[in-house]
Chemist: 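This is the structure, below, for whatever I ask next.
It should be emphasised that the depicted structure is a prediction, and the values quoted were computed from it without experimental measurement.
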Amino acid sequence: MGAWGSGPFENDGAGDLIASIGHGDFTFESVEWAFEDGCLEVDGGQIAVALLELVLIVRADRKRDPATQDLDLDSFTSALTSERLTWLIEMVERTIASTDSELFELWDEQGPEELASWRVPVVDGLEDLRVLSV
């Protein structure tokens with residue numbers, strides 16, 4: 001059974017992303033596989049939400065989650081081009097959409113309160129990212 005939680009780093013997709021950054025293996029190209037299908041699968045949604053949070057940590061001085069405390073985010077930060085930020089906005093929008101997002105569907109199945117506990121912080125973070133990318 002995989003990890004499941006409403007926080008941006010409380011799932012398997014985010015855990016794999018954090019491990020990749022920690023090992024120095026992360027590139028945006030290395031996660032593009034998760035966003036290729038028409039329907040965004042769980043891993044893609046989880047990675048998008050974790051990337052969103054990481055961008056907000058490095059660009060908006062958001063408090064670090066314990067899962068990211070020991071990460072060196074310098075190489076991640078240097079990879080954040082305006083094109084990558086635009087791409088990330090699109091991927092997060094796909095993640096929180098009620099159609100073609102497996103992650104949204106799974107949260108929706110849990111009921112309105114659980115859906116909101118996951119979706120509202122992501123929507124707020126997306127708005128913050130939009131401000132940063134202007």
Side-chain angles (χ1 to χ4, degrees):
M1 179 167 183
W4 179 262
S6 62
F9 303 109
E10 296 177 353
N11 55 67
D12 291 333
D16 292 343
L17 176 68
I18 295 299
S20 174
I21 293 171
H23 291 124
D25 300 332
F26 173 79
T27 63
F28 279 95
E29 291 79 14
S30 70
V31 296
E32 285 179 350
W33 63 269
F35 302 95
E36 292 176 352
D37 292 337
C39 179
L40 184 62
E41 295 188 21
V42 170
D43 287 337
Q46 292 173 340
I47 292 168
V49 171
L51 286 170
L52 168 65
E53 189 67 19
L54 288 171
V55 169
L56 295 175
I57 288 169
V58 299
R59 290 277 177 100
D61 293 324
R62 184 171 284 192
K63 183 179 176 187
R64 280 189 179 224
D65 184 278
T68 67
Q69 287 298 328
D70 297 327
L71 285 182
D72 178 356
L73 295 173
D74 290 342
S75 63
F76 175 79
T77 303
S78 65
L80 294 175
T81 63
S82 61
E83 292 82 15
R84 285 295 177 198
L85 292 175
T86 299
W87 174 83
L88 182 56
I89 288 169
E90 292 171 9
M91 295 310 105
V92 175
E93 287 172 343
R94 285 180 65 194
T95 300
I96 60 174
S98 60
T99 57
D100 298 326
S101 171
E102 188 178 21
L103 187 58
F104 180 95
E105 290 173 12
L106 290 171
W107 277 106
D108 191 39
E109 289 173 4
Q110 303 305 309
E113 289 180 24
E114 287 79 9
L115 175 63
S117 75
W118 165 76
R119 192 171 187 274
V120 168
V122 177
V123 170
D124 291 345
L126 181 58
E127 291 306 312
D128 293 343
L129 178 58
R130 284 187 177 118
V131 169
L132 289 172
S133 64
V134 172

Chemist: Which heavy atom of I47 sits nearest a heavy atom of L17, and at what distance?
Modeler: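 The pair with the smallest heavy-atom distance is O-CD2, 4.2 Å.
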
Chemist: Give the table of side-chain donor-acceptor pairs shorter than 3.5 Å for residues 102-109, with sequence neighbours excluded, one pair per line with atom names and distance.
Modeler:
unit_1	atom_1	unit_2	atom_2	d
E102	OE1	V42	N	3.1

Chemist: Treating Ile, Leu, Val, Met, Phe, Trp and Tyr as nodes and any side-chain heavy-atom pair under 4.5 angstrom as an edge, say whether V123 and V120 lie in one connected cluster.
Modeler: no

Chemist: Excluding sequence neighbours, so at least two apart, what forms side chain to side chain donor-acceptor pair (under 3.5 Å) with E114?
Modeler: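 Not a single residue meets the side chain to side chain donor-acceptor pair (under 3.5 Å) criterion with E114.
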
Chemist: What residues, two or more places apart in sequence or in another chain, satisfy salt bridge (Lys or Arg N to Asp or Glu O under 4.0 Å) together with R130?
Modeler: E93, E127

Chemist: Shortest non-hydrogen contact from R59 to L85?
Modeler: NH1-CD1, 3.4 Å

Chemist: What pairs with E29 under side chain to side chain donor-acceptor pair (under 3.5 Å), at least two apart in sequence or on another chain?
Modeler: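 With neighbours one apart ignored, the set is R84.
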
Chemist: Hey, are the side chains of V31 and M91 touching, using non-hydrogen atoms and a 4.5 Å cut-off?
Modeler: no

Chemist: Looking at every heavy atom in both A48 and T95, which two are closest together, and how far apart are they?
Modeler: CB-OG1, 3.5 Å

Chemist: Under the ring pair (Phe, Tyr, Trp, His ring centres under 6.0 Å) rule, collect the residues that match up with F26, sequence neighbours excluded.
Modeler: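 Applying ring pair (Phe, Tyr, Trp, His ring centres under 6.0 Å) to F26 gives F28, F76.
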
Chemist: Search all heavy atoms of A14 against all heavy atoms of P8 and return the closest pair with its distance.
Modeler: CB-O, 3.3 Å

Chemist: Could you check whether any side-chain N or O of R119 sits under 3.5 Å from a backbone N or O of I96, counting only pairs where one atom can act as donor and the other as acceptor?
Modeler: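 Yes.
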
Chemist: Do the non-hydrogen side-chain atoms of Q110 and W118 ever get within less than 4.5 Å of each other?
Modeler: no

Chemist: If you look only at pairs with a residue in residues 70-79, which of them pass as a salt bridge (charged side-chain N to carboxylate O under 4.0 Å, His left out), with sequence neighbours excluded?
Modeler: none

Chemist: Could you pull out all residues at least two apart from A60 that satisfy side chain to side chain contact (heavy atoms under 4.5 Å, CB included)?
Modeler: L56, L132

Chemist: Nearest 0.5 angstrom please: T68 OG1 to L54 CG, how far?
Modeler: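 Those atoms lie 6.5 Å apart.
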
Chemist: How many angstroms lie between OG in S82 and CG in L80, if you round to the nearest 0.5 Å?
Modeler: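 So the OG of S82 and the CG of L80 are separated by 10.5 Å.
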
Chemist: If I take atom CG from residue L126 and atom CD1 from residue I89, how far apart are they, to the nearest 0.5 angstrom?
Modeler: 6.5 Å

Chemist: Please find the pair of heavy atoms, one from A34 and one from D43, that lie closest to each other, and give the distance.
Modeler: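 Smallest heavy-atom distance, with atoms named: CB-C, 4.4 Å.
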
Chemist: Any non-hydrogen side-chain atom of V49 less than 4.5 Å from a side-chain atom of N11?
Modeler: no

Chemist: According to side chain to side chain donor-acceptor pair (under 3.5 Å), who are the partners of E53, at least two apart in sequence or on a separate chain?
Modeler: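 Expected list: R62.
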
Chemist: Quick one: does L71's side chain get under 4.5 Å of R64's, heavy atoms only?
Modeler: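 Answer yes - side chains close enough.
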
Chemist: Please name the pair of heavy atoms, one in C39 and one in S101, separated by the smallest distance, quoted to 0.1 Å.
Modeler: SG-N, 4.3 Å

Chemist: Can you list the residues that meet the side chain to side chain contact (heavy atoms under 4.5 Å, CB included) rule with A67, with sequence neighbours excluded?
Modeler: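 Only F9, D65 meet the side chain to side chain contact (heavy atoms under 4.5 Å, CB included) criterion with A67.
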
Chemist: Check for a donor-acceptor pair, side chain of S20 on one end and backbone N or O of D16 on the other, with a separation under 3.5 Å.
Modeler: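 Pair absent, no side-chain N/O of S20 close to backbone of D16.
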
Chemist: Not counting sequence neighbours, list each pair that qualifies as a ring-ring contact (aromatic ring centres under 6.0 Å, His included) and has a residue in residues 41-63.
Modeler: none

